[in-house]
Amino acid sequence: MPAALKNRLVELFAWIDPGPGASHLVSDISGWWRDPATLAALGPALVDPFRAARPTVVVSPAVTGYLLGPLAATALGVGFVPAHKPGDGRLPAGSLTWAQSPPDFRGRHVDLAVRDRHLGPGDRVLVVDDWVATAAQARALYDICTKRGAEPVGTSAVVVDCPPAVADELRITGLLTTADLG
């Protein structure tokens, strides 16, 4: 990744104090979406570590993944498959394959689903997301891939904060770490 992109991602990021009673700061990544040069550079930067793996499709979870996934897919010249969450109220009609994540950074088990007709045997899947803290959603998406006969080739995220052993196991790469964000 070009140093200029890394510097710009850090510059456009902010930690927000949500106020009294909050137990932690909240990440504000909205600056990344507002800056056109950063937006244009994200897709290629996310996929570069996985080009040799020849992904045939990008899968990303709602909500932020619906922005990053198509950017990555476009950079690879492949299609995009959204992974839906029942809580967003927009489940598609038709046959879906579901998986539940292990506990995420908040202790939640997240249900994810993809349309069966968009993922199948022979697909080589690159998972793309904005932030990987526990890799819980990546694990659930890999489970969906296995159920559909597809092969996950790895996960690419803007920020990776999971333990190195988990990143190695699941082939997770990131453009930044939380240490980069201060």
Side-chain angles (χ1 to χ4, degrees), residues 1-2 4-16 26-85 87-88 90 92 99 101 104-106 110-115 118-119 123-145 150 152-162 166-167 170-178 180-181:
M1 170 180 65
L5 176 58
K6 181 176 181 176
N7 293 338
R8 191 70 175 141
L9 288 168
V10 171
E11 179 182 318
L12 295 169
F13 176 85
W15 289 108
I16 305 294
V26 176
S27 61
D28 178 6
I29 59 175
S30 62
W32 300 344
W33 317 141
R34 181 65 179 95
D35 184 68
T38 300
L39 198 59
L42 277 170
L46 287 165
V47 303
D48 278 348
F50 293 97
R51 285 190 187 279
R54 300 179 328 278
T56 61
V57 66
V58 171
V59 174
S60 297
V63 168
T64 309
Y66 286 9
L67 174 64
L68 288 171
L71 293 174
T74 300
L76 283 170
V78 301
F80 168 70
V81 175
H84 304 278
K85 296 176 185 175
D88 69 11
R90 298 173 188 232
S101 77
D104 68 6
F105 70 101
R106 291 187 181 134
V110 178
D111 294 315
L112 294 163
V114 300
R115 283 187 167 133
H118 292 306
L119 190 64
D123 277 322
R124 298 176 52 76
V125 179
L126 176 60
V127 173
V128 172
D129 207 352
D130 63 335
W131 204 293
V132 175
T134 64
Q137 290 188 75
R139 287 185 189 281
L141 292 173
Y142 285 21
D143 185 33
I144 291 171
C145 289
V153 299
T155 296
S156 189
V158 180
V159 181
V160 174
D161 189 32
C162 64
V166 173
L170 299 176
R171 300 166 312 279
I172 299 171
T173 66
L175 306 180
L176 302 170
T177 67
T178 51
D180 296 322
L181 299 172

Query raised in the report: Quick one: are Arg139 and Leu170 in side-chain contact, heavy atoms under 4.5 Å?
Result: yes

Residues at least two apart in sequence or cross-chain that pass side chain to side chain contact (heavy atoms under 4.5 Å, CB included) with Asp48, listed by chain then number, are Arg51

To the nearest 0.5 Å, atom NZ of Lys85 lies from atom OG of Ser101 at 8.5 Å

Residue pair Leu112 / Val110, side-chain heavy-atom distance below 4.5 Å: yes

Rounded to the nearest 0.5 angstrom, the OG-CZ distance for Ser27 and Phe13 is 5.0 Å

In terms of heavy-atom contacts, Ala83 and Val59 come closest through CB-CG1, 4.2 Å

Between Trp32 and Leu9, the two heavy atoms sitting closest are NE1-O, 2.9 Å

Quiz item: Taking C-beta and beyond as the side chain, do Leu67 and Trp33 meet within less than 4.5 Å on heavy atoms?
Solution: yes

All heavy atoms of Ile172 vs all of Val132, minimum pair found to be CD1-CG1, 4.0 Å

Show me, pair by pair, the donor-acceptor contacts under 3.5 angstrom made by side chains of residues 153-162, not counting sequence neighbours?
| from | atom 1 | to | atom 2 | distance (Å) |
| --- | --- | --- | --- | --- |
| Thr155 | OG1 | Tyr142 | OH | 2.9 |
| Ser156 | OG | Leu46 | O | 2.6 |
| Asp161 | OD1 | Thr178 | OG1 | 3.0 |

So salt bridge (Lys or Arg N to Asp or Glu O under 4.0 Å) across residues 27-42, not counting sequence neighbours, yields Arg8-Asp35

* Asked: Which class fits the ring pair Tyr66 and Phe80: parallel under 30°, tilted 30 to 60°, perpendicular over 60°?
  -> perpendicular

* To do: For the residue pair Thr64 and Trp131, establish whether any side-chain heavy-atom pair is separated by less than 4.5 Å.
  => no

query = Would you call Val114 and Pro82 a side-chain contact if the rule is heavy atoms closer than 4.5 Å?
reply = no

Contacts of Ala113 meeting side chain to side chain contact (heavy atoms under 4.5 Å, CB included) (sequence neighbours excluded), chain-then-number -> Leu96, Trp98

Only one of Leu119, Leu126, Leu76 passes side chain to side chain contact (heavy atoms under 4.5 Å, CB included) with Val57, and that residue is Leu119

* Going by heavy atoms in the side chains, are Lys6 and Leu175 under 4.5 Å from each other? -> no

Evaluate Val81 against Val58 for side chain to side chain contact (heavy atoms under 4.5 Å, CB included), listing each step before the verdict.
CA-CA 6 Å; Val81 175; Val58 171; over 6 Å; no

Leu5 and Ala45 have their tightest heavy-atom pair at CD2-CB, 3.5 Å

Looking at Thr177, is its backbone amide N or carbonyl O close enough to the side chain of Asp180 to form a donor-acceptor pair, meaning the two atoms are under 3.5 Å apart? yes

All heavy atoms of Leu181 vs all of Trp15, minimum pair found to be O-NE1, 3.4 Å

### Query
So, Arg124 side chain and Ala53 main chain: donor-acceptor pair closer than 3.5 Å or not?
yes

Taking every heavy atom of Gly79 against every heavy atom of Ala73, the minimum-distance pair comes out as O-CB, 3.5 Å

### Query
Do the non-hydrogen side-chain atoms of Asp129 and Leu68 ever get within less than 4.5 Å of each other?
no

Side chain to side chain donor-acceptor pair (under 3.5 Å) filter on Thr56, not counting sequence neighbours, yields Asp123

Applied to residues 59-83, the salt bridge (Lys or Arg N to Asp or Glu O under 4.0 Å) test, sequence neighbours excluded, yields none

